[in-house]
Amino acid sequence: MAAAGFASVLAGLDVNWDLKNYHYYDAFAFSEGRIGWDVAPAQIQTFHNPLLDLAFYTLVREIPSPRIIAFAMALPAGIAGFLLLRMLAVLFPAGRPLRWLLIAAAFAIGMTGSSGQAVLGTTMDEWQPAMLLMAGLAVIVESIARRGEASLAALALAGLAAGLAMGLKLTYGVFALGLVVACAMRMPWRASLSAAAASGAGVLLGLAITYGFWGAILWREFANPFFPYFNDIFRSPWYEPVAWFDRRFGPRDALQALFFPFYFAQGSLLVGEIAFRDWRLAALMALALAALARRAFARGPAPTLALPRDRAWVFLGAFTLASYLAWIKLYGIYRYLVPLEMLSGPLVVGCVLYLVRWPLARAAIVVVLAGLLIGTTRKADWGHLPFRGAYFDVAVPEILPRALVIVGPFDPMAYTIPFFRHDARFVSPKNNLLDLGQQNLLERRAAELIATHPGPLYSLDMGPFPTADPVLAHFGLVRERPTCLRIRSYLDDSSLQVCRLARAALYDSASARSKEDGRR
């Protein structure tokens, strides 16, 4: 935990796009009861579960030092690493030759993945659910070590941990599914059904605990507990009936789908927007295929696993494969794979032990492979700055009471909203969720508020080339140019601005009167 905390501090101040767009705003909006007050100022991410972000929001409000905040945000990664070590102690039990070398290599490979390093201590919220998931996997592995087979209680507890993780971050649904599939791989079929039922019930309970309250709020406000996602199922009138899956990433054809880790190992834009390099999953695929080939073509008795607790190894392999297949189908975004990066360590080492017979050769290959995988890794960077003063060094200009602020499209700006007057209302009619002219109730609410708001109007966008001008023109609004004021913000180099707005007809009439007075 200390190592994770110090590594986070050394990385600097987290200023990723999602933080500026929604991680700080969502917690603020939840704590202030603004879910029906503002209209999508953090774009589609306005409607994400704020539970994880409340921890960061509280740290920022209560602790003045951003270094202490960065340290605290990385602690879940340290706990996840401890849980990985517990599994490794079971997978490589006492008495095995070179046990500590194998554990050290597996741990080093698993904890130094590109995504894991990139999101360490950040608000991208990957390590907190990964910590819970690793707890669930450790429970099953240790139960197998004690009993030879995981108990139904252990399966249910692991499902609960996976469900808690899924509720905190819905993308962890792929790992919850992978867990249930791996638990169900038993014989006979009655035992398989019992295992799937126990783990599945745990998943549902965990999901209800960490997501149920938020799903109830979204149902009350928007008639969809996952709004705006899965609206093809719930048919909420607040948005179009679409599923809302991001299809920008993932394999483009069948060949890529079969060998996808080899395509994205060099940081291909097939799996994200930020460059990176990581050969872990490609190496694991190559070694796993070699192990399967040896198993299939072995003559005589099946080759020994050379690994005790083989049921635990089979479980982890099945979980990894099922989760990977669900991920490649639904998301294809590499930074979601922190748990599989962690498991790549023991699975890579396990494959080497299965394929190579001689102990010293095994040790040499494991050391060389660990060195190559760690040495060639280049982590992504979602944005960091040197520490300076408070976490958010933000000062907004004073605006008039009961103002309506129109947020410009696409740029992440909602992190500044908590620093404005709390009676201000923020509306974003065009962003990565809404578009001008849509007929859903959310867009209509935004348009109605802009058209009928009786108080002062402002725009919030980036300068010096404002992005909100087409939106303002659509609603018949113009800037009162001398009134544009900069927002001091370390995170954006003070490039944000707030401008007073006027309705075009009134503004033209006032300008004409002013010119007439000048001529007189």
Side-chain angles (χ1 to χ4, degrees), residues 16-18 21-22 43-45 47-48 113-119 122 124-127 129-130 133 162 165-166 168-182 226 228-233 240-289 317-344 347 373 376-382 410 432-433:
N16 71 79
W17 192 97
D18 286 348
N21 184 49
Y22 77 97
Q43 312 188 62
I44 191 174
Q45 292 88 353
F47 309 99
H48 287 190
S114 172
S115 287
Q117 292 185 68
V119 301
T122 73
M124 302 188 85
D125 295 337
E126 299 293 343
W127 277 110
L133 185 67
M166 179 182 175
L168 293 174
K169 194 174 179 72
L170 290 179
T171 54
Y172 270 65
V174 299
F175 302 112
L177 175 62
L179 180 77
V180 174
V181 170
F226 300 99
Y229 303 103
F230 305 111
N231 210 42
D232 57 330
I233 298 173
E240 278 70 25
V242 295
W244 255 114
F245 281 103
D246 190 343
R247 301 299 186 187
R248 293 176 297 162
F249 305 108
R252 300 291 186 262
D253 53 46
L255 184 62
Q256 285 188 2
L258 284 174
F259 300 101
F260 199 40
F262 295 94
Y263 283 92
F264 66 68
Q266 292 274 28
S268 167
L269 295 180
L270 290 169
V271 291
E273 308 95 334
I274 307 297
F276 72 96
R277 182 171 60 235
D278 198 312
W279 286 94
R280 280 164 181 75
L281 296 186
L284 177 57
M285 173 175 271
L287 289 168
L289 290 175
F319 166 80
T320 299
L321 179 59
S323 300
Y324 168 78
L325 292 176
W327 168 83
I328 203 174
K329 174 64 176 176
L330 294 177
Y331 300 115
I333 298 174
Y334 185 71
R335 69 178 172 90
Y336 294 164
L337 290 185
V338 170
L340 297 195
E341 278 188 345
M342 295 181 70
L343 292 178
S344 70
L347 291 176
L373 291 176
T376 57
T377 297
R378 186 180 70 187
K379 72 173 184 177
D381 189 348
W382 299 93
F410 307 121
N432 62 15
L433 172 68

Under 4.5 Å between any side-chain heavy atoms of Y324 and P261, yes or no?
yes
Judged by atom type as modelled, is there a donor-acceptor pair below 3.5 Å linking the side chain of W127 to the main-chain atoms of G116?
yes
Residues passing the side-chain hydrogen bond (donor to acceptor under 3.5 Å, both in side chains) test with N16, sequence neighbours excluded, are D14, T123
W244 CH2 to L433 CG distance, which is reported to the nearest 0.5 Å
6.0 Å
May I ask you to decide if T376's main-chain N or O and R378's side chain share a donor-acceptor pair within less than 3.5 Å?
no
Sequence neighbours excluded, the answer for ring-ring contact (aromatic ring centres under 6.0 Å, His included) partners of F226 is Y211, F230
Residues two or more places apart in sequence or in another chain: which of them pass salt bridge (charged side-chain N to carboxylate O under 4.0 Å, His left out) with E273?
R248
Applying side chain to side chain contact (heavy atoms under 4.5 Å, CB included) to I274 and not counting sequence neighbours gives A380, W382
Excluding sequence neighbours, so at least two apart, what forms ring-ring contact (aromatic ring centres under 6.0 Å, His included) with F262?
none
Those residues at least two apart in sequence (or on a different chain) that pass side-chain hydrogen bond (donor to acceptor under 3.5 Å, both in side chains) with Y229 are H48
Checking E126 now: which residues fulfil salt bridge (charged side-chain N to carboxylate O under 4.0 Å, His left out) with it, not counting sequence neighbours?
K169, R335
Who are the side chain to side chain contact (heavy atoms under 4.5 Å, CB included) partners of D381, not counting sequence neighbours?
H384
Please list, chain by chain and in numerical order, all residues satisfying side chain to side chain contact (heavy atoms under 4.5 Å, CB included) with L177, sequence neighbours excluded.
V181, A326
State which residues pass side-chain hydrogen bond (donor to acceptor under 3.5 Å, both in side chains) with T171; sequence neighbours excluded, sorted by chain then number.
none
Side-chain donor or acceptor of W327 paired with backbone N/O of I333 under 3.5 Å:
yes
Any side-chain donor paired with an acceptor under 3.5 Å for R280 and S114?
no
Enumerate the salt bridge (charged side-chain N to carboxylate O under 4.0 Å, His left out) contacts for residues 318-333, please, sequence neighbours excluded, ordered by first and then second residue.
none
Counterpart residues, side chain to side chain contact (heavy atoms under 4.5 Å, CB included), relative to A176 (two or more places apart):
A162, M166, V203
